[in-house]
Amino acid sequence: MATINRNYKKLPGSYLFSTIAKKVAEYSAANPEADIIRLGIGDVTEPVAPAVIKALHLAVDEMGQKESFKGYAPDLGYEFLRDVIARKDYEARGCGISADEIFVSDGAKSDCGNIQEIFSLDNKIAVCDPVYPVYVDSNVMAGRTGEYDDELRRFKGVIYMPCTKENDFAPELPAEVPDLIYLCFPNNPTGAAMKKERLQEWVDYANKNGSIILYDAAYEAFISEEGVPHSIYECEGARGCAIEFKSFSKTAGFTGLRLGYTVIPKELEAGGEKLWPLWARRHGTKYNGAPYIIQRAGEAVYSDEGRAQVKAQIAYYMENAGIILEGLGSAGFDVSGGINAPYIWLKTKDSMTSWEFFDYLLAKARIVGTPGSGFGPHGEGYFRLTAFGSRENTIRAVERLKKLS
Ligand code: PLP
C-alpha cells in the first residue's frame, strides 16, 4: 500500500494567501460595488521591460532555426548568463565569485525550498521571525522539524530568531547554535535591511561554529542606503560559510517568466564535505533548468538598456513605498521598512491582532493587506503593505488609511 510523507500533514491546511483570497471573495460577494484596493500583493504589476521583450523575441526566433535551435540547457545554466552575473553582480562589488559557482534556476523559491535536501535531517535550522514562509515549510516537509504547536504558533525543533522593533527587525546571534541559518535581507515581510558590520558578525559566528548561512538576497536590487551589502560575499570569510539566493522576479518583473540563481562557493563545506558537487549532482538529476529563451531574457537585464529600464521600474515601486511610508508616518501610524525593500511594515491600530486589523481595513477602507502573523509568531500585531500597486491606487489607499488614523 502506498503511504504519504506524513511530514506534509504537519503543515497547517490553509496557506496564508488562500485565506486572504477567501476572505476577499466573501467580502466582494456581500459588497459587489466595493472598490477594493490591494496593497497586499507580493507580485509585480509593471510589464516586462522592452529590452527583455526584445531578447525574448530574438531567442524565440532562434528556437525555430535548425542552426540556432537549443534543446536541454546545461545543468548549471548557459555560460553567457553565468558570466554576466559573475561580472556585474559580484566582480563589480569586489566579491570574487566566479561563473562556475553560479547555478541558474527557475527562481529563488525552488532553490530556497530545495537547498535543504543536501543537508542531513538532523541539522537544526534557525529562521528570522517573521519571514518568508518557504524556509520553515520546506524543512517541515522534509522532516527536519517537530509538530506544529498551536499555542505557541511555531514548529517544535526550529530556532525562531525574533525580529522586533527593539533590534531594528534584524535578529540577535542565537545562544543555541543552529546548523543552518536562514537570513533574508532585505527582509520580506518587514522590509528591514542589515548593515554590513552586522552581517559580518553573522559570518564570523557561522565560521566560528561551523554553521552554514542560507542568504536570501531576492530584494537586493531595492537597496537604496549606503552601507547595506548587496551580497553576503561582501563580508570577509563569507565564502567559507554562505550560500546565496537571488531572483529576477521583483528585480526585473520575472515573476511570470521564472529565473533566479544560487551561489555556492567551490570550497564551501559542511562537516568536511564540499557542497558544490552535491548541488551540481542535484541539478544533474532533479532539475530541468531554466529555458534558453528565459536565460537570454535574463542576460538582457544586464545590458545598458535593460539595466536602465529595470532600474526605472524599481524606482517607480520605491516611490510608491515612499508615498506609503510618508503618508502613514505623518498620520501617526507606526511604520518601518520601505527604504531598502518594497515592503512597509505597519503596526496594527489599537493593539488589534493582525487578522482583526485585516478585517478592519477591509471593512472600513476596502484595503487588502497581509497579516504579519502569517510570517511568524513575532509578526503578530503587524501588517504588511507592498509598493507593487499602481501609483494611483497607492495614493488612493494612503488617503483612505489617513482617514482612519
Ligand atoms: N525569496 C523571498 C524572500 C521572497 O519574498 C520571494 C517571493 O516573494 C522569493 C524568494 C521567490 O522568488 P522567485 O519568484 O524567484 O521564486
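Computed from a prediction, not measured in an experiment: that's the story for all the values here. Whatever order the structure lists ligands and atoms in, that order sets their numbers, starting from 1.
Using bins of under 30°, 30° to 60° and over 60° for the plane-to-plane angle, the ring pair F248/F254 lands in the tilted bin.
Enclosure of atom CD in E269 by more than 12 non-hydrogen atoms of other residues, nucleotides or ligands within 6.0 angstrom is indicated. Counting heavy atoms of neighbouring residues, nucleotides and ligands inside a 6.0 Å radius, atom CZ of R38 does not exceed 12 of them.
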**CA sep, side-chain torsions, deciding dist, call: R239, E244, salt bridge (charged side-chain N to carboxylate O under 4.0 Å, His left out)** = CA-CA 10 Å; R239 286 185 61 94; E244 180 163 282; over 6 Å; no
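A salt bridge between R93 and E220 is present, with a side-chain N of the basic residue lying under 4.0 Å from a carboxylate O of the acidic one.
Contact annotation: the side chain of V368 approaches that of L362 to within less than 4.5 Å [non-hydrogen atoms, C-beta and beyond].
Within 4.0 Å of ligand 1, the residues that place a heavy atom are G107, A108, K109, Y132, Y135, C184, N188, D216, A218, Y219, S247, S249, K250, R258, listed by chain and number.
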